[in-house]
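Since the model is a prediction, treat every value here as computed from it, not as a measurement. Atoms within each ligand, like the ligands themselves, are counted from 1 in listed order. FYI, side chains are in, hydrogens and waters are out, and symmetry mates aren't considered; it's all heavy atoms of this structure.
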Amino acid sequence: MRILAISGSLRARSSNTELLRAAALVSPTVFAVELYAELGALPHFNPDLDHESAVPPDSVARLRAQVGAADAVLISSPEYAHGVPGSLKNVLDWLVSAPEMYHKPVGLLTASGASAHGPAALEEILRTMSTQVVPAASRVVALNGRRLDAAQILEDTALTDVLREVLEALRAAVTSPAALESRSP
Ligand SMILES: Cc1cc2nc3c(=O)[nH]c(=O)nc-3n(C[C@H](O)[C@H](O)[C@H](O)COP(=O)(O)O)c2cc1C
């Protein structure tokens, strides 16, 4: 199971990024979780570079290839001003017209229990993009400013259990007949 993990935060000590790092360590022999590393390096989305005859920037081509190679995508994001961080929305805008993202199972995490609007906004965007948002893989994992790194998250069995459930839910979405049917051309 290959999972592309995308954090919506560029902060060096981001709780959402640490959550995804912890997810990568939960069952490394079963789930190969790759953390997307170019959130801050992608150019601003420009439709002039996104039509059929356009050659996408290298970083965009790499993003699309990483999504295409993944069985599922796992996003963990903060909420900014009741919405989706601009840098994450930029990633998604580059993927709107990319067939690699269609019907892709997606899990949605947030590391803050206070996020009352961002996750719903993100879910609406992902549904509009024809991805398959997986409810059981969409969870609030409330670290609430505890400043835990990935290793410390894994020391907390309740948090580890949630991450394991999320990964298993993504695997079920990938392997279930309904998921396979919706992903066929
Ligand atoms: C510019 C900005 C706007 C924010 N707006 C909200 C908000 O509207 N609602 C909320 O619950 N938290 C808000 N927050 C708090 C973050 O969502 C929260 O601290 C999050 O856990 C940070 O994630 P990170 O550690 O991955 O960077 C905001 C933070 C920043 C920097």
Q) Does any donor atom in the side chain of S9 or N16 lie under 3.5 Å from an acceptor atom in the other side chain? A) no

Q: Mind checking whether A81 contacts ligand 1 via backbone (N, CA, C, O), side chain (CB onward), both or neither, at a 4.0 Å heavy-atom cut-off?
A: backbone

Q. Counting only heavy atoms on the protein side, is anything nearer than 4.0 Å to atom 14 (N) of ligand 1?
A. yes

Q. Is there side-chain contact between L148 and E18, with heavy atoms separated by less than 4.5 Å?
A. no

[atom] - nearest protein heavy atom and its distance:
| atom | result |
| --- | --- |
| atom 26 (O) of ligand 1 | S14 OG, 2.6 Å |
| atom 11 (O) of ligand 1 | A114 O, 3.2 Å |
| atom 8 (O) of ligand 1 | H82 N, 2.9 Å |
| atom 2 (C) of ligand 1 | Y80 CD2, 3.6 Å |
| atom 9 (N) of ligand 1 | E79 OE2, 2.8 Å |
| atom 20 (C) of ligand 1 | P78 CB, 3.6 Å |
| atom 23 (O) of ligand 1 | N16 ND2, 3.2 Å |

Q.
Any nitrogen or oxygen of S9, side chain or backbone, less than 3.5 Å from one on ligand 1?
A. yes

Sub-4.0 Å atoms of ligand 1 with respect to non-hydrogen atoms of [X]:
| X | result |
| --- | --- |
| S15 | 21 (O), 23 (O), 24 (P), 25 (O), 26 (O) |
| R11 | 24 (P), 25 (O), 27 (O) |
| S112 | 21 (O) |

Q) So with a 6.0 Å cut-off around NE2 of H44, is the heavy-atom count from everything else above 12? A) no

Q.
Run the side chain to side chain contact (heavy atoms under 4.5 Å, CB included) test on I75 and L109 for me, step by step, so that the C-alpha distance in whole Å, both residues' side-chain angles and the decisive distance to 0.1 Å come before the verdict.
A. CA-CA 6 Å; I75 295 173; L109 304 180; over 6 Å; no

Q) Which heavy atom in L167 sits nearest to a heavy atom in V33, and how many Å separate them? A) CD2-CG2, 4.4 Å

Q) Which pairs with one or both residues in residues 108-136 pass ring-ring contact (aromatic ring centres under 6.0 Å, His included), sequence neighbours excluded? A) H82-H117

Are [X] and [Y] within salt-bridge range, i.e. N to O under 4.0 Å?
| X | Y | value |
| --- | --- | --- |
| E165 | R139 | yes |
| E168 | R164 | no |
| R64 | D58 | no |

